[in-house]
Asks: 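Got a structure here, written out as structure tokens. Questions coming.
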Amino acid sequence: MDIDLIDETDFPNYSKSTGKRPAFVPVDDAHPFDLEAYISTYTGKTVVYRLIHIISICPTLAPQAFQLAVQHILQGRDPNLYQSLIIAYDTTAKTLPDAELPPHTDLAVIDQQWIDETNTKNQAERSKLEVELKTYTSNMIKESIRMAHRDLGNFYRSVGDYSSSLKHYTKSREFCTSSQHIVDMCMSVLELLLEQRNYAHIATYVFKADATLPPDAQQVAKAKAAAERERVQTKLDVATALSHLAQGAYEKAAQSFLKAGPIKNLEEWATKIVAPGDIAIYATLSALATFSRSAIKSNLLDNDSFGVYIEQEPYVRELVEAYMGNRFKTVLELLERYSTRHYIDLYLSTHVNNLVLEIQSRALVLYFQPFASIKMDRMSQAFGWTPEFLEQQVVHLIQKGEIHARVDRQNRILKAKVVDQRAELFSRAVKSGADIQSTNRKLLLRMRLQQSDLIVKPPKNQNQNQNHIDFLAYSVVI
């Protein structure tokens with residue numbers, strides 16, 4: 001019994017992925033994860049945002065993450081994070097059926113005194129900065145006005161008022177007196193957008209910063225300026241890559257991540273925005289899901305500069321080498337083992353499902369490519385799947401046109417469709433002949449129309465040096 005196509009609704013689990021992550025992810029021997037080691041690589045508000053995300057997706061780590069988040073909130077100046085943290089924890093606790101999580105009041109006491117003191121200090125700091133801005137504005141000192149807007153932008157960002165922060169950052173553009181000032185403004189806005197996870201305007205500010213940087217040709221004799229451009233360009237590449245990743249453009253994201261310069265060029269971004277190990281994971285998963293095997297070898301394995309990023313997460317190299325060595329069972333095992341690490345990532349979480357499905361599909365296509373026919377049982381052993389699950393995956397790929405084969409369900413064999421090269425060549429030759437004949441008939445018709453003066457002449461006042469284009473008086477469909 002041969003099967004070419006079936007209704008995709010028969011196997012809804014293998015239709016196009018929605019990219020949704022699971023409700024909760026496990027932490028156990030099969031899915032190891034060290035929260036303290038993971039969170040220690042970050043600083044600033046991103047620590048709290050990542051911990052809140054972990055609370056919402058991993059109940060096993062929720063109590064520990066809650067306590068760590070409270071500690072980091074007390075080191076900042078944004079009391080509103082307290083409320084966001086409590087809401088995330090209580091929502092996760094209510095979702096669990098047996099109330100497995102202890103109340104947040106048993107984990108940490110909310111420091112109301114710190115909240116009141118912080119609000120008072122923030123109010124005083126804001127008043128001071130606004131008075132300085134008014135003073136500088138009345139004195140018409142451009143540089144001082146620019147710095148006052150920058151300081152207000154930094155202040156509002158630190159207290160969580162992102163709209164006011166963006167307003168002051170962009171307002172400082174009017175008072176920039178050098179290209180470096182414009183670049184600094186763009187980088188501040190990019191940091192803000194990435195922290196806010198607002199990807200819509202990232203491309204705009206990346207373009208502005210890149211256009212402001214002087215061309216490489218002007219920096220040949222200026223080593224310091226060249227180093228500055230490389231430093232800024234690394235951050236621009238990472239920002240662009242994160243924007244592409246958020247939009248599901250995985251191939252563009254991989255290309256941008258792989259262009260990133262040395263880790264030292266990330267500077268504070270390596271802890272405030274995204275760690276080098278994160279970049280290695282994003283780039284590798286995106287590349288495996290979209291690149292050809294030759295592109296993976298040249299752009300990833302043979303890329304010495306990016307190799308430094310891969311060393312931050314040793315399993316990443318093992319994953320790539322297993323994929324290149326056709327050890328697809330090992331690839332899938334590694335993806336499953338580190339799935340918790342991938343799902344708890346703030347930027348990667350919603351894309352893990354899509355990326356894994358793309359990698360599985362590409363692995364199946366690559367594995368079957370050399371064969372004219374192969375037993376389904378042998379394929380299922382190579383991927384560590386049950387024969388039924390493998391058949392569902394293969395049928396889905398046949399439907400998408402990625403595998404040109406037929407499933408012999410009775411004998412459990414996958415057979416490649418044999419193309420009659422002679423018939424295909426004859427068909428192409430007949431089509432080419434028909435196309436040439438049609439083109440010649442149209443040319444002959446045009447020549448006869450011109451000979452009969454059935455053309456529309458250009459206006460008399462048109463420039464005589466331009467090429468005259470004859471317009472047919474009517475068109476004939478052949």
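In what follows, residues are counted from 1 in the order of the sequence shown.
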Asks: Can you check whether Pro63 reaches Leu101 side chain to side chain, under 4.5 Å on heavy atoms?
Replies: yes
Asks: Ion pair present between Asp345 and Arg50, side-chain N to carboxylate O less than 4.0 angstrom?
Replies: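 Salt bridge: yes.
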Asks: How long is the straight-line distance from CD1 of Ile359 back to CG of Leu285, given to the nearest 0.5 Å?
Replies: 5.0 Å
Asks: One pair to check against side chain to side chain contact (heavy atoms under 4.5 Å, CB included): Asp78 and Ser158. What are the steps and the verdict?
Replies: CA-CA 7 Å; Asp78 185 3; Ser158 66; over 6 Å; no
Asks: Take the angle between the ring planes of His104 and Tyr89 and call it parallel below 30°, perpendicular above 60°, tilted in between.
Replies: perpendicular
Asks: When rounded to the nearest 0.5 angstrom, what is the spacing between OG in Ser361 and CD in Gln393?
Replies: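 CD of Gln393 is found 6.5 Å from OG of Ser361.
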Asks: Do Val430 and Phe426 touch side chain to side chain, with heavy atoms closer than 4.5 Å?
Replies: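 When only atoms from C-beta onward are counted, Phe426 and Val430 do touch, with a gap below 4.5 Å.
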Asks: Between the main-chain N or O of Pro26 and the side-chain N or O of Thr340, is there a donor-acceptor pair closer than 3.5 Å?
Replies: yes
Asks: Which pair of non-hydrogen atoms, one from Glu267 and one from Lys235, has the smallest distance, and what is that distance?
Replies: OE1-NZ, 3.1 Å
Asks: With a 4.5 Å limit on heavy-atom distance, are the side chains of Asn265 and Gln233 in contact?
Replies: no
Asks: Looking at every heavy atom in both Val308 and Gln312, which two are closest together, and how far apart are they?
Replies: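 Answer, listing the atom of Val308 first, then Gln312: O-NE2, 3.4 Å.
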Asks: Would you say Arg293 has more than 12 foreign heavy atoms packed within less than 6.0 Å of its CZ?
Replies: yes
Asks: The test is side chain to side chain contact (heavy atoms under 4.5 Å, CB included); show your working for Tyr205 and Asp210 and say whether it passes.
Replies: CA-CA 8 Å; Tyr205 287 94; Asp210 191 56; over 6 Å; no
Asks: Assess the residue pair Asp184 and His181 against the criterion (side chain to side chain donor-acceptor pair (under 3.5 Å)); give the C-alpha distance rounded to whole Å, side-chain angles, the decisive distance to 0.1 Å, and a yes or no.
Replies: CA-CA 5 Å; Asp184 291 341; His181 292 163; 6.0 Å; no
Asks: Would you check, one step at a time, whether the test side chain to side chain contact (heavy atoms under 4.5 Å, CB included) holds for Thr41 with Asp278?
Replies: CA-CA 10 Å; Thr41 58; Asp278 296 335; over 6 Å; no
Asks: Please round to the nearest 0.5 Å and tell me the distance separating atom CD of Glu318 and atom CD of Glu333.
Replies: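 That separation rounds to 10.0 Å.
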Asks: Any sub-3.5 Å donor-acceptor pair from Ser349's side-chain atoms to Tyr343's backbone N or O?
Replies: yes
Asks: Closest approach of Gly153 and Ser165, non-hydrogen atoms and distance?
Replies: O-OG, 2.7 Å
Asks: Starting from the C-alpha separation in whole Å, work towards a yes-or-no answer on ring pair (Phe, Tyr, Trp, His ring centres under 6.0 Å) for Phe383 and Tyr367.
Replies: CA-CA 10 Å; Phe383 284 85; Tyr367 186 86; 5.6 Å; yes
Asks: Are the side chain of Arg362 and the backbone of Thr290 linked by a donor-acceptor contact shorter than 3.5 Å?
Replies: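 Side chain of Arg362 to backbone of Thr290: a pair is present.
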Asks: Under 6.0 Å from the ring centre and within 45 degrees of the ring axis: does the NZ or CZ of Arg341 meet both conditions for the six-membered ring of Tyr38?
Replies: no
Asks: Kindly indicate whether the side chain of Thr60, heavy atoms from C-beta on, has any atom under 4.5 Å from the side chain of Phe24.
Replies: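 Not in contact.
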Asks: Please examine the side chains of Leu107 and Gln64, heavy atoms only from C-beta on, and report whether any two atoms are closer than 4.5 Å.
Replies: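 Side chain of Gln64 against side chain of Leu107, heavy atoms only: no contact under 4.5 Å found.
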Asks: What closest approach, in Å, do Ala405 and Ile398 show between heavy atoms, and which atom pair accounts for it?
Replies: O-CD1, 3.6 Å
Asks: If you count heavy atoms of other groups shown closer than 6.0 angstrom to CG of Asp302, is the number above 12?
Replies: yes
Asks: Identify the heavy atoms of Cys186 and Lys208 that sit nearest to each other, and give their distance.
Replies: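 Nearest pair, atom of Cys186 first, then Lys208: SG-CB, 3.8 Å.
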Asks: Test your reading of the model: is there a side-chain donor-acceptor pair from Ser438 to the backbone of Asp435, 3.5 Å cut-off?
Replies: no
Asks: State whether a side-chain donor-acceptor pair under 3.5 Å links Tyr169 with Asn154.
Replies: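 Short answer, yes.
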Asks: Drop me the distance from Ser292's OG to Lys297's NZ, to the nearest 0.5 angstrom.
Replies: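 Separation between the atoms: 12.0 Å.
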Asks: Go through the steps for Ser373 and Leu414 under the test side chain to side chain contact (heavy atoms under 4.5 Å, CB included), then give the verdict.
Replies: CA-CA 5 Å; Ser373 65; Leu414 182 63; over 6 Å; no
Asks: Strictly under 6.0 Å, is that where the ring centroids of Phe257 and Tyr309 end up?
Replies: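 No, ring centres 6.0 Å or more apart.
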Asks: Any side-chain heavy atom of Arg317 within less than 4.5 Å of one from Leu301?
Replies: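 Contact flag for Arg317/Leu301 side chains = yes.
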Asks: Quick one, Phe328 and Leu366 - any side-chain contact, counting heavy atoms below 4.5 Å?
Replies: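 They are in contact (side-chain heavy atoms under 4.5 Å apart), so the answer is yes.
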Asks: Could you pull out the closest heavy-atom pair between Ala253 and Ser286, with the gap in Å?
Replies: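 Looking at all heavy atoms of both residues, the shortest contact is CB-OG, 4.5 Å.
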Asks: Glu402 and side-chain hydrogen bond (donor to acceptor under 3.5 Å, both in side chains): which single residue from His404, Gln399, Lys400 fits?
Replies: Lys400
Asks: What distance do Leu51 atom CG and Tyr42 atom OH have between them, rounded to the nearest 0.5 Å?
Replies: 10.5 Å
Asks: Tell me, with the steps shown, if Tyr49 and Glu195 meet side chain to side chain donor-acceptor pair (under 3.5 Å).
Replies: CA-CA 9 Å; Tyr49 291 139; Glu195 187 174 291; 4.6 Å; no
Asks: Does Arg157 come within less than 4.0 Å of Glu191, counting only side-chain N to carboxylate O?
Replies: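 Glu191 and Arg157: salt-bridged.
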Asks: Suppose we call two aromatic rings close when their centres sit under 6.0 Å apart. Are His244 and Tyr199 close by that rule?
Replies: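 That pair fails the under 6.0 Å test.
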Asks: Is there side-chain contact between Ile273 and Tyr347, with at least one heavy-atom pair below 4.5 Å?
Replies: yes
Asks: Given side chain to side chain donor-acceptor pair (under 3.5 Å), test Thr92 with Asp90 step by step and report yes or no.
Replies: CA-CA 5 Å; Thr92 302; Asp90 289 346; over 6 Å; no
Asks: Does Gln67 CD have over 12 foreign heavy atoms under 6.0 Å away?
Replies: yes
Asks: May I ask you to check whether Phe371 and Phe368 place their ring centers less than 6.0 Å from one another?
Replies: no
Asks: Please lay out, stage by stage, how Tyr156 and Tyr162 fare under the test ring pair (Phe, Tyr, Trp, His ring centres under 6.0 Å).
Replies: CA-CA 6 Å; Tyr156 281 118; Tyr162 291 121; over 10 Å; no
Asks: Between CG of Leu245 and NE2 of His351, what distance do you get to the nearest 0.5 Å?
Replies: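 Atom-to-atom, Leu245:CG and His351:NE2 are 4.5 Å apart.
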Asks: If we ignore hydrogens and angles and just use 3.5 Å, is the side chain of Thr284 paired with the main-chain N or O of Ile281 as donor and acceptor?
Replies: no
Asks: Donor-acceptor pair, Asp106 side chain versus Pro102 backbone, under 3.5 Å?
Replies: no
Asks: Any luck finding a side-chain donor-acceptor pair between Glu36 and Ser40 under 3.5 Å?
Replies: no
Asks: Checking Thr234 side chain against Glu230 main chain: does a donor-acceptor pair fall under 3.5 Å?
Replies: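 Side chain of Thr234 to backbone of Glu230, a donor-acceptor pair under 3.5 Å: yes, one is there.
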